[in-house]
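Here's the structure we're looking at; comments come further down.
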Amino acid sequence: MEQRIRLLIADDQPRSRDGLRALLATCSAVEVVGEAANGEEALLLMEDRRPTVVLMDARMPVLDGMQATRLIKSSWPEVRIVVLTMYSDYREIALAAGADAFLVKGCQPEELFGAIAGDKEPA
């Protein structure tokens, strides 16, 4: 049996987290193991929840997604980070920070599921 993807959602907008959780509930391969409202919360949840993938917003208070991505990758290089943001101009910054994939909010669900599963290179 294939291992389920343990996913952490990091987004400062509760509605975004709710929408993502509802969408991801339709994918049996994904288990949402935690939610963070900023990068600092995401870092705190890493050790406890042991996600294999982090869905990371770029702009958040306290610690933004780019800083959080760098810190997560330095401690947990095996964790896949998918940056999901409204700001398409963050692509280069996100990939330079260590993101494995970059998507703009509103993308097709298949695109999101593919990025989470690691089906394609950074887009």
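Heavy-atom basis, side chains included; hydrogens, waters and symmetry copies ignored.
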Show the nearest heavy-atom pair for residues [X] and [Y], with the distance to one decimal.
X: L103; Y: V82; answer: CD1-CG1, 4.2 Å
X: T69; Y: A97; answer: CG2-O, 3.5 Å
X: I9; Y: L7; answer: CG1-CD2, 3.5 Å
X: D89; Y: I93; answer: O-CD1, 4.4 Å

Test of understanding: with side-chain contact (heavy atoms from CB on, under 4.5 Å), list the residues that count as partners of [X], not counting sequence neighbours.
X: S88; answer: V104
X: Q108; answer: E110, E111
X: L44; answer: none
X: A117; answer: I5, D119

Inset, instruction - Say whether, by atom type as modelled, one donor and one acceptor occur between the side chain of R49 and the main chain of A42 under 3.5 angstrom. - result: no
Legend entry - Side-chain (R4) to main-chain (V30) donor-acceptor, under 3.5 angstrom: yes
With a cut-off of 3.5 Å and sequence neighbours excluded, list every side-chain donor-acceptor pair involving residues 54-68.
residue : atom : partner : partner atom : Å
D64     : OD1  : M66     : N            : 3.0
D64     : OD1  : Q67     : N            : 2.8
Q67     : OE1  : D64     : N            : 3.3

With the side chain counted from C-beta on, respond yes when [X] and [Y] share a heavy-atom pair under 4.5 Å apart, and no when they do not.
X: V32; Y: L20; value: no
X: V79; Y: L8; value: no
X: K105; Y: S16; value: yes

Inset, instruction - For Y90, enumerate each residue passing the ring pair (Phe, Tyr, Trp, His ring centres under 6.0 Å) test, keeping only those at least two apart in sequence or located in another chain. - result: Y87
Legend entry - Spatial distance of atom CG (D100) from atom CD1 (I116) [nearest 0.5 Å]: 12.0 Å
Inset, instruction - Nearest 0.5 Å please: distance from the CZ atom of F102 over to the CD1 atom of I81. - result: 14.0 Å
Inset, instruction - Check whether V33 and L112 end up in the same hydrophobic cluster, where Ile, Leu, Val, Met, Phe, Trp and Tyr are linked by side-chain heavy atoms less than 4.5 Å apart. - result: no
Legend entry - Hydrophobic cluster identity match, F113 and L84, side-chain contacts under 4.5 Å: yes
Legend entry - side-chain hydrogen bond (donor to acceptor under 3.5 Å, both in side chains) contacts touching residues 27-47 (sequence neighbours left out): R17-E35, R21-E35, E47-R50
